[in-house]
Each structure stands twice: as structure tokens, then as C-alpha cells.
Number of protein chains: 2
Amino acid sequence: MPTSKDVARLAGVSQSTVSYVLSGKRPISDPVRRRVEAAIEQLTYHPNAGARALAGSRTHVVGLVVPFGASADPAGLLPFIETITSGTREHDHDVLLVTADEGPSALTRLEGRRLCDAIVLMEVEADDPRIAVAAGLRVPVLLVGVPDDPRGLTCVDLDFAAAARLAVEGLVERGHSHLGVLGYPAGAVERDIGYVRRFTGAALAAAREAGVPCEVVAPVEHTADAAREAVGRVLTAAAPTLAAGGGLGLVVASGGAVPLVLSALGERGLVPGRDVSVVAMLPDASAAAMQPPVSNVSTESRDVSRRAVRELFRLLDGPGEDDDEGGGTTVHLVPPRLTHRRTTATWGPPG
Amino acid sequence: MPTSKDVARLAGVSQSTVSYVLSGKRPISDPVRRRVEAAIEQLTYHPNAGARALAGSRTHVVGLVVPFGASADPAGLLPFIETITSGTREHDHDVLLVTADEGPSALTRLEGRRLCDAIVLMEVEADDPRIAVAAGLRVPVLLVGVPDDPRGLTCVDLDFAAAARLAVEGLVERGHSHLGVLGYPAGAVERDIGYVRRFTGAALAAAREAGVPCEVVAPVEHTADAAREAVGRVLTAAAPTLAAGGGLGLVVASGGAVPLVLSALGERGLVPGRDVSVVAMLPDASAAAMQPPVSNVSTESRDVSRRAVRELFRLLDGPGEDDDEGGGTTVHLVPPRLTHRRTTATWGPPG
DNA sequence: TTGAAAGCGCTAACAG
DNA sequence: CTGTTAGCGCTTTCAA
């Protein structure tokens with residue numbers, strides 16, 4: 001296996017010149033550069049990652065901590081991992097995968113062994129034990145999710161408050177005079193993932209501002225029975241409004257519950273988009289694929305992950321920008337989009 | 001950040017002794033070991049991975065090439081990645097994630113830069129362009145999936161032929177006198193993933209041996225219409241048998257089609273487990289969760305991945321066993337299991 | 001614009 | 001059982 005010494009010999013230059021051709025950290029004359037590049041090609045030379053890391057103290061690796069076992073949304077994990085991985089490669093880095101099961105010690109291991117230059121922590125919970133450890137590391141850490149106390153760390157997440165507002169306002173605009181929010185499964189609530197509170201809190205606030213009554217039913221498990229019961233509760237509360245000819249709008253906070261909610265409505269002879277409206281937190285693709293297509297506020301994990309990659313390399317490549325840099329808490333919230341599909345009805349005079 | 005030199009100084013030993021305490025490659029007296037371990041603890045020393053790789057030419061990293069974009073079964077990917085990752089950690093290695101989009105050059109990059117000690121290639125296709133490259137590498141490569149020409153590489157996969165046989169024999173035993181195999185979507189067939197042919201071939205062979213007529217309908221897309229049509233075709237072919245009071249057994253090769261096939265049967269008033277039988281290729285958990293629980297031949301990606309990890313480290317830690325070792329093609333097929341649930345009926349006199 | 005040389009922190013002979 | 005030492009293949013001064 002050829003080394004940079006072999007390349008240097010073949011190109012008739014010193015070894016350091018090979019290094020500089022590769023790193024571009026020094027101006028190189030055209031003839032020399034050409035000879036070196038030819039030699040590299042001819043020998044199919046690849047720089048040894050370990051040696052590079054040792055000498056340069058940059059591994060060109062990003063550690064990605066994935067909550068395999070305990071994800072609130074296992075389906076959303078894969079696009080996330082994919083986007084981080086390919087985004088990271090575009091920045092000439094690789095991804096080292098670590099399971100969250102390893103706990104906080106995974107972080108000290110990654111840092112201590114110099115396995116990576118930065119760490120991405122997925123699905124950070126409101127009160128996540130890893131945050132304290134993460135805050136003490138010398139490698140930059142990027143959190144996906146917003147903990148209660150970000151401790152000077154950089155966070156990226158979907159803007160769940162904006163999402164809730166979007167859903168509520170979208171329904172209010174269309175004349176609905178009673179709202180119901182069907183919440184997250186107990187697992188998510190107990191683990192107290194930050195977005196649960198942010199979402200329901202913002203939904204209630206938006207409804208209050210709009211002067212529209214709003215029921216929150218939570219937790220709602222992803223079972224047919226739980227969906228039935230939750231729907232029943234909202235319908236009961238909304239009964240007076242409905243009797244008076246008002247419109248009921250449902251906000252489904254947990255994408256996985258959507259099919260169950262739809263069938264629960266169906267069982268009662270209620271047609272979404274005609275008798276009630278349903279707006280759900282769902283990726284666009286899933287929302288569009290449903291029968292009928294469901295109005296949704298997008299929860300594109302790809303959008304969030306792309307943003308995460310961007311902020312990650314801003315952390316790594318910076319300082320240099322005039323942005324906030326180095327130690328300051330920054331929370332980047334990715335804006336969601338509302339798309340009305342077949343499950344939104346319009347009530348009364350357009351508003 | 002402390003180095004082994006710091007540990008050595010603190011423990012009053014030479015640096016190499018620290019190394020040997022850690023690696024266990026040399027007998028160490030108890031007092032020395034204790035002192036070294038105390039020093040390691042006190043300094044929270046972690047060995048530098050780059051230095052270790054450079055000096056020892058072992059990275060303790062496994063490269064995992066994941067077909068993010070082009071997986072036949074995206075849901076199966078995640079448990080696979082998880083199992084490989086945690087299994088790898090149990091062997092004191094980490095996982096470097098690479099997307100299959102990077103193509104064969106990902107392999108030369110992993111090897112050339114010495115980024116890993118071994119490579120796992122997921123979802124290998126029958127005629128996979130990466131195989132030729134993989135076969136030329138010096139790092140061991142483990143294939144998940146069996147290509148037409150394994151070129152001396154080690155493969156691990158579910159035994160799809162056995163799975164097909166199991167399904168067919170399970171139905172024949174229960175007195176079914178006509179079988180229908182509903183195949184894979186065209187995407188899988190075109191990409192010519194090895195298991196497509198292995199599965200349908202073995203199903204036909206098993207049916208022939210049993211002397212039971214068998215229709216294969218393929219490709220079958222994962223759409224309601226395609227499922228309806230496929231079911232229609234099998235029912236037409238089986239009409240004489242059914243008229244004579246015989247039983248029809250359906251084998252659904254592609255897990256994703258199961259709900260569609262069930263509703264297609266439902267539309268015709270056919271109740272699985274009473275009027276027809278259905279056995280599907282599905283993970284046990286999904287099969288059990290369906291309404292009704294579906295008889296299944298297991299396609300546990302966890303079983304396959306665990307086996308993959310085993311064979312991977314046999315490759316890495318060996319030679320040493322009396323097993324086949326070093327360069328010999330080995331195909332490890334993980335046996336599937338058939339579980340009868342609610343969708344299998346029994347016909348005629350028990351067999 | 002280029003070269004020479006000093007490490008980075010570890011492993012693994014070799015020498016006791 | 002333990003210490004000494006020569007690298008592993010780079011990056012990066014320092015010198016020209």
C-alpha cells in the first residue's frame with residue numbers, strides 16, 4: 001500500500017509537498033502539482049486516515065448517536081441518518097455510528113479516543129442526561145431536539161410551536177369554531193421529549209388568541225381503542241358547537257395515530273373534509289399517500305437533518321463567520337409548512 | 001488530554017507496559033496492573049484511536065455500506081443497522097457508516113485510507129458491481145445477500161429457498177390442493193436481487209415435488225389494484241380445484257403486499273383462514289400485529305444481522321479455527337421459521 | 001515556491 | 001515479568 005513517501009519519490013518532490021498538494025494549505029506551482037497528482041493517480045494513493053488524524057488532530061469523522069431502541073418515530077430515523085451521512089460526506093467527513101444505549105459514556109469515549117471531530121446527538125429529550133456530559137466536551141456537539149437547558153450547546157429542531165400555531169390558525173381561518181388536539185402516546189410524554197409540551201402549549205395559546213375553544217386529549221396511544229376514545233371525548237366537548245352548526249377541527253399531533261383517528265371518525269359516520277377537519281403532523285409523502293390525502297403540517301426529518309449538517313460544519317469550520325460562534329447557545333428552529341389536502345373543510349363565511 | 005506516557009509516569013512504569021495492560025498481549029504482574037489501572041482511572045485516560053491504528057494497523061472500525069436510497073425494504077434496514085452496530089460494539093469495534101450511493105469507490109476509499117478493518121455490504125444484488133471490487137480488497141468483506149458469483153467472499157442471508165419450501169410444505173400438509181405465489185414488486189425483480197429467484201424457484205420446486213399445482217404471479221406491485229389483479233389471477237386458475245372442494249393456499253412473498261392482498265380477498269368475500277389460506281414472508285412482530293394475525297415465514301433481519309456479526313468477527317479474529325478460513329467462498333444461510341397464525345385453514349383429512 | 005525534520009501517541013519487536 | 005526503542009504515515013514548523 002503506497003504512502004505519501006512513495007508518491008513523493010515518484011513525483012520527484014519531498015513528502016511534505018505531497019501533503020500540501022493534498023491539503024491546499026500552501027501554494028504549489030503548476031508543474032509540481034501536476035506531477036504529484038499524476039503520481040497519486042498512478043499509485044492509487046490514499047492518505048492513511050489514522051496517520052492523518054494523529055498528525056493533524058482532525059479525524060474527519062463525525063460521531064452520530066442514534067436512539068435505535070427508543071425512538072419516538074423509528075421511521076423518521078432512517079431518512080435522518082441518511083441525510084446526515086450523505087451531507088457529512090459532501091463535507092469530506094465520514095460518520096461513525098453509535099447507539100444511544102451506550103449512554104453518556106459514548107460521548108466521553110468518542111472524545112477521549114479522538115474518534116471524531118464533532119458529535120451529533122439525535123432526539124434529545126427535555127431533560128437528557130447526556131446534555132451535562134455533552135456540555136463538558138471539547139469537541140463540538142450538535143443537538144437535534146431542544147432540551148430544557150441547552151447549556152451553551154447548539155440545537156436544531158423542527159419548530160413545533162410554529163407547527164401547532166400553523167395547524168390551529170389554518171383551521172380557524174377556515175371557519176372552525178371548535179378545535180381538538182389529539183396528543184402524543186404516553187411514552188413520548190413520559191420521556192418528556194421537549195416538543196410534546198412545545199406543541200400542545202402553542203396549540204392552546206394560538207386557540208386562545210383566536211378565541212376558539214380547544215380540547216387537548218393526551219396521552220393518546222397508537223391503538224384503535226385509544227383513538228376511538230380520544231375522538232369521542234373531543235366530539236362530546238364539541239357537541240354544543242356542532243349542534244349550533246359550527247365546525248370541528250382536529251389536530252393530530254402524532255403522525256402514527258392518523259389512520260386510527262380516521263377510522264374512528266369513519267365508524268361514527270363522520271367524513272373528514274366534510275363533517276370534520278383533520279390536520280396532522282406528518283411528512284408530506286405520508287400525508288399525500290393516505291386515503292384520503294390528509295392535510296398536514298410537515299415534519300420533514302430531511303429538512304431538519306440538512307439544517308443540522310449545515311450548523312454542524314459551521315461549528316467545525318468556524319470560527320470565521322461573524323455569526324455567534326463558540327460556546328453560545330443557539331437554537332435553530334426549522335419552519336414547518338401547512339398543506340391543505342382532502343381532510344380540511346371550510347365552515348361558514350370565509351374568514 | 002492525557003497520553004499513555006502520562007499514565008506510565010503516574011504509575012511508575014514504562015509506556016509500553018501501559019499498552020500491554022490495555023491489550024493483554026503480555027502477562028502483567030498484579031501490583032503493576034493495579035497501579036496502571038488506577039492511573040488510567042485517575043487521568044480518565046483513553047487511548048488515541050488514530051495513533052493506535054497507525055501503530056497497530058488495526059482501526060477497530062467496521063465499515064457498513066447501507067443502501068439507503070435503494071432498499072427493497074426500508075423498514076428492515078433500521079433493525080439491521082442497529083444489530084450490526086451493537087454487535088460490533090460488543091466486539092470492541094465501531095461502525096463507520098457509508099451510503100451505497102457512493103458506489104464501488106466507497107470500498108476502495110475505506111480500504112485505501114485504512115478507515116476500517118472489515119466491510120459489511122448490505123443488500124447485495126445478484127449481479128452487483130461492487131462484488132468485483134470487493135473481491136480485490138485486502139480487508140475482509142462480508143456480504144449480506146448472495147450474488148450470483150460470490151468470488152470467494154463470505155455471504156450471509158436468509159435462506160429464501162428454505163422459506164419458500166417451508167411455506168409450500170406448510171400449506172400442502174394442511175391439505176391445500178392448489179397454491180398461488182404472489183411475487184415481488186417489479187423494482188426488486190429488475191434489480192434482480194438474488195432472493196427473488198431463489199424464493200420463487202424453490203416454491204415451484206416444492207410444489208412440484210408435492211404434486212400440487214402452483215401459480216406464480218409476478219411481479220406484484222404494492223398497490224391495491226395490483227393485489228386485486230394478482231388475487232384474481234390465482235383464483236381463476238384455482239377455480240376448478242375450488243369447485244371440486246379443494247383448498248387454495250396463497251404464499252405472499254413480499255411482506256409489504258400483505259394488507260393489500262388481505263383486502264383484495266375481503267372484497268371478494270373470502271375470509272383468510274376459512275375460505276383460503278395465506279402465508280406471508282414477514283417479520284414475526286408484523287405478522288402477529290396484523291388484523292387478523294397472519295401465518296408467516298419469518299424474515300427476521302435481526303437473525304441475519306446477528307449471524308453477519310458472528311461471521312464478520314470470525315473473519316477478523318480468525319484464522320485460528322479449523323473452519324474454512326481465508327479466501328474461501330462461504331455462504332451462510334439463516335434458517336427461517338414458519339408460524340401458523342389465524343390465516344391458515346386445514347383442508348380435507350389431515351395429512 | 002519547496003525541502004528537511006520534528007513529532008503526533010501508540011504497538012511490537014528486541015533485550016534483558 | 002518489564003523496559004527500551006524503532007517505527008507507523010502523516011502535518012507542520014523552520015529554513016532556504
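All figures in this text were calculated on a predicted structure; none of them were measured in a lab. Throughout, a chain's letter reflects where its sequence line sits, starting with A, and its residues are numbered from 1.
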Rounded distance (Å) that lies between atom [atom2] of [N] and atom [atom1] of [X]:
X        : N      : atom1 : atom2 : value
B:Leu54  : D:dT11 : CG    : P     : 12 Å
B:Gln15  : C:dT11 : CD    : C1'   : 9 Å
B:Arg114 : D:dC8  : CZ    : C1'   : 11 Å
A:Asp6   : D:dG9  : CG    : P     : 9 Å
A:Lys5   : D:dG7  : NZ    : P     : 10 Å
A:His60  : D:dT11 : NE2   : C1'   : 11 Å
B:Arg9   : D:dG3  : CZ    : P     : 14 Å
A:Arg52  : D:dT12 : CZ    : P     : 10 Å

* To do: Establish, from distance only, whether the side-chain atoms of A:Thr154 and A:Glu311 form a donor-acceptor pair under 3.5 Å.
  =>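 A:Thr154 vs A:Glu311: no donor-acceptor pair found between side chains.
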Problem set entry | Under 3.5 Å side-chain donor-acceptor pair for B:Arg307 and B:His332 |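 Yes, because at least one side-chain N or O of B:Arg307 sits under 3.5 Å from a partner of the opposite role on B:His332.
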Review point. In terms of side-chain heavy atoms of A:Ser14, which of C:dC10, D:dG9, C:dA4 is nearest?
Key: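 Within the option list, the nearest is C:dA4.
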### Query
Of the candidate nucleotides C:dG3, C:dG9, D:dC10, which contains the atom at the shortest distance from the side chain of B:Ala55?
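From the listed options, C:dG9 comes nearest.
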Below 4.5 Å, heavy atoms only, C-beta onward: do [X] and [Y] meet side chain to side chain?
X        : Y        : value
A:Asp157 : A:Val331 : no
B:Asp30  : B:Val32  : no
B:Met122 : B:Leu64  : yes

Problem set entry | Interface residues of residues 91-98 of chain A with DNA chain D (non-hydrogen, below 4.0 angstrom) |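 Residues of residues 91-98 of chain A under 4.0 Å from DNA chain D: none.
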task = For A:Thr3, answer base if it contacts any base atom (sugar-phosphate contacts may also be present), sugar-phosphate if it contacts only those atoms, and nothing otherwise; contact means non-hydrogen atoms under 4.0 Å.
result =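 Result for A:Thr3 = sugar-phosphate.
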Describe the nucleic acid contact of A:Val18 in one word from base, sugar-phosphate, nothing, applying a heavy-atom distance below 4.0 Å.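 Counting heavy atoms under 4.0 Å across all strands, no contact is made by A:Val18.
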Item to check | Spatial distance of atom CG (A:Leu312) from atom CD1 (A:Ile84) [nearest 0.5 Å] | outcome: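 So the CG of A:Leu312 and the CD1 of A:Ile84 are separated by 7.0 Å.
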A:Thr59, A:Leu115, A:Val62 screened by side chain to side chain contact (heavy atoms under 4.5 Å, CB included) with A:Leu96, the one that passes: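 For A:Leu96, the side chain to side chain contact (heavy atoms under 4.5 Å, CB included) test succeeds with only one of A:Thr59, A:Leu115, A:Val62, which is A:Leu115.
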Legend entry - Residues within residues 20-40 of chain A bordering DNA chain C, heavy-atom distance below 4.0 Å: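 Of all residues in residues 20-40 of chain A, the ones placing a heavy atom under 4.0 Å from DNA chain C are A:Arg26, A:Pro27, A:Ile28, A:Ser29, A:Val32.
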Kindly indicate whether the side chain of B:Ser16 and the base of D:dT4 share any N or O donor-acceptor pair separated by less than 3.5 Å?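 Under the 3.5 Å cut-off, the side chain and the base do form a donor-acceptor pair.
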Query raised in the report: Could one point to a donor on the side chain of B:Ser19 or the base of C:dA12 with an acceptor on the other under 3.5 Å away?
Result: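 When only heavy-atom distances are counted, B:Ser19 does not reach the base of C:dA12 through any donor-acceptor pair under 3.5 Å.
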Test: B:Arg130 and B:Glu125 ion pair at under 4.0 Å =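 Salt bridge absent between B:Arg130 and B:Glu125.
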If only side-chain N and O atoms of A:Ser57 are considered, is one of them under 4.0 Å from the OP1 or OP2 phosphate oxygen of C:dC8?
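No, no such contact exists.
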Respond yes when some side-chain nitrogen or oxygen of A:Ser4 is under 4.0 Å from OP1 or OP2 of D:dG9, and no when none is.
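No.
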message = Angle between ring planes, A:Phe313 versus A:His91, binned at 30° and 60°: parallel, tilted or perpendicular?
response =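 Correct class here is parallel.
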### Task
Go through the structure and list residues passing ring-ring contact (aromatic ring centres under 6.0 Å, His included) with A:Phe68, not counting sequence neighbours.
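ring-ring contact (aromatic ring centres under 6.0 Å, His included) list for A:Phe68, sorted by chain: empty.
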